[in-house]
Amino acid sequence: MALDPTAGWLVMVQSNNTMLIGNSDESRHGNKIGMESKKVDSAKQHLRHVEKDVLIPKIMREKARERCSEQVEDFTKCCKDSGILMVVKCRKENSALKECLTAYYNDPTFYEECKMEYLKEREEFRKTGIPTKKRLQKLPTSM
């Protein structure tokens, strides 16, 4: 709860990101008549646990694999050529791949880049109601 000294208005932010705004005299007496309810703009940036812990890391993994494509190809080729002995024979390729991926996973700017990409996708979904996968599919043309 905060009081705006210039206007005499009381601003209360509730747990559901709703802001109640009203005259401080009314609020002191427990009277909430005339209070307005506004959504806090930061609600657009709020991330649920599943988004932080699952969805953004999924985007990070996909983008990191693209950026480490050379190491992925080397490791895949080694595994195909080695068969059952791949655990022993492909240690060098495996460690190079891990090193490349871990560098991206631990990079805070890369995380923010993926987070912003996710927020764009989420905002687009909220506007259209169409998931990204279906939006990107090529629509059949009729003649």
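Using a cut-off of 4.0 Å between Lys/Arg side-chain N and Asp/Glu carboxylate O, Lys115 and Glu51 are scored as not salt-bridged. Using a cut-off of 4.0 Å between Lys/Arg side-chain N and Asp/Glu carboxylate O, Glu93 and Lys77 are scored as not salt-bridged.
A distance below 2.5 Å between sulfur gamma atoms is not met by Cys79 and Cys90.
Considering only heavy atoms from C-beta on, Glu124 stays 4.5 Å or farther from Thr132 through its side chain. Contact annotation: the side chain of Leu55 approaches that of Tyr118 to within less than 4.5 Å [non-hydrogen atoms, C-beta and beyond]. Side-chain contact between Ile56 and Tyr111: present, with at least one pair of heavy atoms (C-beta onward) separated by less than 4.5 Å. Inter-residue side-chain proximity for Cys78 and Met86 is flagged as unmet; no heavy-atom pair is nearer than 4.5 Å.
Around the CD atom of Glu99, the shell of radius 6.0 Å holds no more than 12 heavy atoms that belong to other residues, nucleotides or ligands.
In this structure, the separation between OG1 on Thr76 and CG on Asp81 is 10.5 Å, given to the nearest 0.5 Å. Interatomic distance, Lys58 NZ to Asp53 CG, rounded to the nearest 0.5 Å: 15.0 Å. With rounding to the nearest 0.5 Å, the separation of CD in Glu117 from CG in Leu119 is 10.5 Å. Taking CD of Gln71 as the reference point, atom CG of Leu101 lies at 8.0 Å (rounded to 0.5 Å). Between atom OH of residue Tyr104 and atom CD of residue Glu113 there is a gap of 9.5 Å, rounded to the nearest 0.5 Å. Once rounded to the nearest 0.5 Å, the distance linking CG of Leu97 with CZ of Arg65 reads 8.5 Å.
Side-chain heavy atoms closer than 4.5 Å link hydrophobic residues (I, L, V, M, F, W, Y) into clusters, and following such links, possibly through other members, connects Val72 to Tyr105. By the rule that hydrophobic residues join a cluster once side-chain heavy atoms approach within less than 4.5 Å of another member, Met116 and Phe110 end up as members of one cluster.
Taking both residues in full, the closest heavy atoms of Asp107 and Thr109 are given as OD1-OG1, 2.9 Å, listed atom of the first, atom of the second, then distance.
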